[in-house]
Each structure stands twice: as C-alpha cells, then as structure tokens.
Amino acid sequence: MTESVAPPVHDAKQARKTAGASFIGTMAEYYDFFIYGTASALVFNKIFFPDIDPLVGTLAAFST
C-alpha cells in the first residue's frame with residue numbers, strides 16, 4: 001500500500017515576504033556590481049596601473 005502524502009500548504013504572506021527579501025538582495029548585488037564596474041572603468045586603472053597605456057590599464061582593471 002502506498003501512503004498518501006498531503007501537498008505542502010503555501011502561505012501567501014510568507015511568499016510575499018520571501019519575494020520581497022529576494023528582490024532587496026538582488027538589488028543590493030546589482031548595486032555592488034554597478035559601483036565596482038564604474039570604479040574599474042574610471043578609477044582603478046589610474047590607481048593600480050599608472051605606468052601603462054590607459055586602454056591597457058582599463059582592460060587590466062576589468063580583468064581583475
């Protein structure tokens with residue numbers, strides 16, 4: 001005989017809370033990548049690679 005298992009109960013309030021937390025976490029990650037990418041393009045090449053060609057410095061900053 002097979003045992004009957006009830007399907008899990010989904011709480012709408014908990015689902016909204018989880019979706020909201022996921023959205024906030026995703027937005028924080030996006031902001032982090034955006035700021036780092038902007039800093040790589042505008043600042044890191046001049047700080048970490050000042051003695052090489054600016055284009056090569058930018059590519060090196062992006063590759064790190």
Quick one: CZ on F34 to CE on M27, what's the gap to the nearest 0.5 Å? 11.0 Å

Working to the nearest 0.5 Å, report the span between OH of Y30 and CZ of F23. 11.5 Å

Note, F44 side chain near F49 side chain (heavy atom, < 4.5 Å): no

F33 with L42, same ILVMFWY side-chain cluster at under 4.5 Å: no

Answer with yes or no whether the hydrophobic clustering places I52 together with F48; edges join I, L, V, M, F, W, Y residues whose side-chain heavy atoms lie under 4.5 Å apart. yes

If you round to the nearest 0.5 Å, how far is OG1 of T58 from NZ of K46? 7.5 Å

For A61 and S40, work out which heavy atoms get closest and say how close. CB-O, 3.6 Å

If hydrophobic clusters are built from ILVMFWY residues whose side chains come within less than 4.5 Å, do I35 and V43 share one? no

First locate atom CG of D11, then atom CZ of R16, and finally report the distance between them rounded to the nearest 0.5 Å. 8.0 Å

